[in-house]
Amino acid sequence: MESILYAENLTRVFSRKGQQELVAVDHVSFELFPGECLGIIGESGSGKSTIAGLVTRLIDPTEGRIVLEGRDITTLRGKELRDIYKTIQLVFQTPAESFDPRCSLGDGIGESLVNSGMRRSEAGREVERLLDECGLDKSFAGKYPFEVSGGQCQRAAIARALAIKPKVLVCDEATSSLDVTIQKDIMELLMELRKKKGNDLSILFICHDIALVQQFCDRVLVMCHGRVAEEGIPDDIVRNPGNEYTKRLIESIL
Amino acid sequence: MTVIKGMPENDGFTKNGDNSYFSEANGGRQEEIIRFDNVGISYNGIPVVKDVSFSAFSGEILGIVGESGSGKSTLIKAAMGLLGDSGLVTKGDIYYKPGSHTDKNLKDTIDGKEDLGRINLTELTNRELRRLCGTEMGMIFQNAGSSFCPIRTVGKQLYEAMREHGRVSDQGFGRSISASEFRVRALELLEKLGFDDGDRILESYPFELSGGMQQRVGIAAAMLPGPKVLFADEPTSALDVSVQRQVVDEMLMVRKNFGTTIIIVTHNIGVIRAMADRVLVMKDGMIVECGDTLRVLNNPKEAYTKKLLAAVPVLRR
């Protein structure tokens, strides 16, 4: 099977005047296959979120190549770059901050539909369907981000990400700011979506909680200082870590 | 007899003649050191804690768990007088039992305010309460690093805190402490808390320490004036898993070396399992369940506790 997202030798160096260069992501390569959920775990500063930024082109790579659906997107600009967001979407850690505070959730979700050419009235109905798909009542379309709870806002953020039927969903610590019971609800929602969409939806699941990755992902990359320390099936990695760093990480879980 | 949730009748504690509790179950005698009696707290008139009663005992680690908005942090903020202008203890009492007081500062504060050897913290003025903060009750926050001034060394800041909050007693602490005396005491404490290089820590600026180290230094800073009770508000939540264990180990060391009572508020069940003797589960400002940690975590009685525990992802090793 051909991968839907392929990263080859992805590297990002942050440099500031007078300061040492920081290699946030160092020659990382991975493939994401259709219908698969690939987890990326690691400690703060290991480069997980930079990878999310790189594959969605929110951050430019210093070196390496990103191939989405067979097309090299590494250097795309302008309209061509905007077009990749029909295929890849991102769900952020803090849902309330990812919505415009002056727009209702419905407007936020509908914006991408309207931008992709859908009529406003049609977009309104589609927003209601998406909210329903993500477990929210249609009345949420008229609410503002500050009027809803963190879990409800994250459901709306997932609805927004799914609006233009992307093939790849990048979840960057999408449940980390939520309470465990809400986290469970969101994970159940993601699992339901995976089941429903089959090979039409692949997920890059960035998270620092190994237990969650073990429950949810088919494969996992363990990141350490910007590099891939280990890659494999979560159960195998948890039970037989092949790397000192992974071993330490698993042992330290309370 | 009606058992109020949170009160220790069910956990092997016995009532004293003065209405306080004690236990002799774990070897030594454990006295009730802090007690919340039917406490209600509101923010801007909206109740966030409703009729909560519980006690913590000498040398005990009491965990308080619950979701955001359950009122768990508000409880410990109320004891420390940190509710701010919008928060108010609307009902109930918070008692603190200082034990023997050799401290002149404390003696002056509680003079005439004691009832059966206890002080009602809700009746103290801010000024009086401030005298107890540090010497009697210490606190560590979620992000200790941000409570340090970024442009002064850790040592200088700890010295200043010691002069401000340290005990004023015959041993010469508090305002009278000299810099050299402070250094000896600080290094001794850092060594007891497992720091390899105390000198380097004192000479460092906060940004030169990692997040985990900043948190550990925060604990050491809180312990420096020698409090009997340490409140910890989500002390591990901002840390990576590998560092969380170090912070938990340090708090366990605090209890072992100083016999400090620790009340830890967290949403991390793993942290509770690793260190708490008893646990309170809170929801919507009320105590849902209370009891011995292993009993509550392995055999929860209440539906909400069961739901909360079922939601925690468990690593299949």
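Letters A, B, ... are given to chains in the order of the sequence lines, protein chains preceding strands, and every chain is numbered from 1.
Residues A:K184 and A:E188 are in side-chain contact: their nearest non-hydrogen atoms beyond the backbone lie under 4.5 Å apart. Side-chain contact between A:L189 and A:L193: present, with at least one pair of heavy atoms (C-beta onward) separated by less than 4.5 Å.
Residue A:D185 does not touch chain B at all, counting heavy-atom pairs closer than 4.5 Å. Of the two parts of B:R316, the backbone and the side chain both hold a non-hydrogen atom closer than 4.5 Å to a non-hydrogen atom of chain A. Both the backbone and the side chain of A:I250 have a heavy atom closer than 4.5 Å to some heavy atom of chain B. When heavy atoms are compared at a cutoff of 4.5 Å, B:V314 approaches chain A solely by way of its backbone atoms N, CA, C and O.
Looking only at heavy-atom pairs under 4.5 Å with chain A, the residue among B:G270, B:P313, B:A310, B:S237 that has the most is B:P313. When A:H208, A:R248, A:R239 are compared by the number of non-hydrogen pairs under 4.5 Å with chain B, A:R239 comes out ahead.
For residues 212-220 of chain A, a heavy-atom distance under 4.5 Å to chain B picks out A:L212, A:Q214, A:Q215, given by residue number.
A donor and an acceptor atom, one from each side chain of A:Q152 and A:S149, are located under 3.5 Å apart. In the model, A:T181 has no side-chain atom that pairs as donor or acceptor with a side-chain atom of A:D179 under 3.5 Å.
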- Query: Between A:E251 and B:R245, is a salt bridge (Lys or Arg N to Asp or Glu O under 4.0 Å) present by the stated rule, with each step listed?
  - Reply: CA-CA 10 Å; A:E251 276 171 2; B:R245 186 174 281 277; over 6 Å; no

- Query: So B:K283 and B:E302, salt bridge (Lys or Arg N to Asp or Glu O under 4.0 Å) or not? Walk me through it.
  - Reply: CA-CA 11 Å; B:K283 183 179 190 288; B:E302 300 295 326; over 6 Å; no

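A salt bridge links B:R278 with B:E60: at least one charged nitrogen is closer than 4.0 Å to a carboxylate oxygen. B:E208 and B:R200 are not joined by a salt bridge, as no carboxylate oxygen comes within less than 4.0 angstrom of a charged side-chain nitrogen.
To the nearest 0.5 angstrom, A:D209 atom CG is 7.0 Å from A:I253 atom CD1.
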